[in-house]
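Everything on this sheet refers to the single structure shown next.
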Amino acid sequence: MTVIIGLTGGIASGKSTVSRMLKERGFPIIDADVAAREVVNPGQKALEEIKAAFGREVIQPDGMLDRAKLGAIVFHDEDKRKILNGIVHPAVRSWMNGKKEEYIQKGSNTIILDIPLLFESKLTYMADKVLLVYVDEKTQLQRLMERNGLSESEASARIQSQMPLKQKVELADAVIDNNETLDHTESQLAEILEGWNLIP
């Protein structure tokens with residue numbers, strides 16, 4: 001029986017770092033961000049639906065999606081954002097499920113679903129257990145400003161567009177506190193994997 005672990009966090013929480021640690025240990029990772037890029041490639045059904053909903057101007061001359069143009073349209077318009085999510089989210093779920101089946105066929109014992117907005121998108125049903133990467137608000141703000149070169153208000157707005165990490169802690173099955181060193185994060189991960197008896 002394959003165990004499916006949902007890995008999540010918040011923006012600049014260090015989820016990608018933990019994902020990398022899991023990959024280094026040999027766990028198969030299915031990344032929702034990769035899925036979101038794949039499903040809007042030329043020739044994909046989701047890209048055709050986006051073109052139909054938003055017009056040709058969101059498609060670059062080479063046939064690729066113009067993310068900046070599309071982002072500018074949906075960022076300030078809740079209804080248009082819902083339309084976009086209605087196209088992309090089902091396509092992403094379908095892509096991830098396809099990959100999951102591939103890994104199950106290959107005999108993987110544990111599969112990691114790396115989904116940044118796992119709770120916000122109500123995708124917990126896809127996982128047997130949820131592992132959350134947590135940092136406090138101050139650290140999150142600081143890291144995001146440094147990583148993306150944002151002002152405090154820009155970084156703050158991005159953080160506030162997601163469910164607060166404090167709320168996610170109550171919903172997760174296990175939490176990695178990523179406020180300290182990488183070694184500290186690594187040792188917490190090892191403990192959780194052992195406690196859950198997980199092998200790749």
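The first residue of the sequence shown is numbered 1, and numbering continues consecutively from there.
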Seminar exercise, completed: Rounded to the nearest 0.5 angstrom, the CD1-CD1 distance for I59 and I50 is 7.0 Å

Exercise. Are F75 and I83 connected in a single hydrophobic cluster, I mean Ile/Leu/Val/Met/Phe/Trp/Tyr linked by side-chain heavy atoms less than 4.5 Å apart?
Worked result: no

Exercise. Side chain to side chain donor-acceptor pair (under 3.5 Å) between Q160 and S156: does it pass, once the steps are laid out?
Worked result: CA-CA 6 Å; Q160 276 156 20; S156 192; 3.3 Å; yes

Exercise. In terms of hydrophobic clusters joined by side-chain contacts under 4.5 Å, are Y103 and M1 together?
Worked result: no

Exercise. Taking only residues at least two apart or on different chains, which pairs with a member in residues 36-56 satisfy salt bridge (charged side-chain N to carboxylate O under 4.0 Å, His left out)?
Worked result: K45-E49, E48-K51

For this session: Under the side chain to side chain contact (heavy atoms under 4.5 Å, CB included) rule, collect the residues that match up with S151, sequence neighbours excluded.
Result: S153, E154

Exercise. Within the side chain of T110, is there an N or O that forms a donor-acceptor pair under 3.5 Å with the backbone of P200?
Worked result: no

For this session: Look up atom CG in N97 and atom CD in E102, then write down how far apart they are to the nearest 0.5 Å.
Result: 11.5 Å

Problem set entry | Side chain proximity check, L84 to K80, heavy atoms < 4.5 angstrom | no

For this session: Give, for atom CZ of R143 and atom CG of N148, the distance between the pair rounded to the nearest 0.5 Å.
Result: 13.5 Å

Seminar exercise, completed: Members sharing V175's hydrophobic cluster, built from side-chain contacts under 4.5 Å between Ile, Leu, Val, Met, Phe, Trp and Tyr, are L132, Y134, V135, L165, V169

Exercise. Quick check: does any side chain N or O of Q188 sit under 3.5 Å from a backbone N or O of H184, one acting as donor and the other as acceptor?
Worked result: yes

Exercise. Any side-chain heavy atom of R81 sitting closer than 4.5 Å to one from I73?
Worked result: no

Exercise. Tell me, which pairs form a salt bridge (charged side-chain N to carboxylate O under 4.0 Å, His left out) where one or both residues lie in residues 162-189, sequence neighbours left out?
Worked result: R25-E186, E120-K168, E137-K166

Exercise. Which pair of non-hydrogen atoms, one from P42 and one from G63, has the smallest distance, and what is that distance?
Worked result: CG-O, 3.5 Å

Problem set entry | Side chains of L171 and V130 in contact at under 4.5 Å (non-hydrogen atoms) | no

Problem set entry | For the student: nearest non-hydrogen atoms of G6 and A127, plus distance | N-CB, 3.4 Å

For this session: Please list, chain by chain and in numerical order, all residues satisfying side chain to side chain contact (heavy atoms under 4.5 Å, CB included) with I104, sequence neighbours excluded.
Result: T2, K100, E101, I111

Exercise. Nearest heavy-atom pair of A35 and W95: which atoms, and what distance?
Worked result: CB-CE3, 3.1 Å

Problem set entry | Residue list, salt bridge (charged side-chain N to carboxylate O under 4.0 Å, His left out) with E57, at least two apart or on another chain | none

Problem set entry | Hydrophobic cluster of L193, others only, ordered by chain and residue number, side-chain cut-off 4.5 Å | V3, I5, L7, V18, M21, L22, F27, I29, I112, L131, V133, I176, L182, L189, I192, W196, L198

Seminar exercise, completed: Residues passing the side chain to side chain contact (heavy atoms under 4.5 Å, CB included) test with D62, sequence neighbours excluded, are Q60, M64

Seminar exercise, completed: Taken in chain and number order and not counting sequence neighbours, the residues that satisfy side chain to side chain contact (heavy atoms under 4.5 Å, CB included) with S121 are H89, L117, L123

Exercise. Which residue pairs satisfy the side-chain hydrogen bond (donor to acceptor under 3.5 Å, both in side chains) criterion with at least one member in residues 4-20, sequence neighbours excluded?
Worked result: K15-D114, S19-D114

Problem set entry | Summary of salt bridge (charged side-chain N to carboxylate O under 4.0 Å, His left out) pairs that have at least one residue in residues 123-136, sequence neighbours excluded | none

For this session: With side chain to side chain contact (heavy atoms under 4.5 Å, CB included) as the test, would you mind laying out the steps for L113 and I4 before giving the verdict?
Result: CA-CA 7 Å; L113 299 182; I4 311 294; 3.5 Å; yes

Seminar exercise, completed: Apart from L141 itself, its cluster of hydrophobic side chains linked below 4.5 Å comprises I11, L144, M145, L150, I159

For this session: Show your working on side chain to side chain contact (heavy atoms under 4.5 Å, CB included) between K69 and F54 and close with a plain yes or no.
Result: CA-CA 10 Å; K69 272 191 189 155; F54 294 95; over 6 Å; no

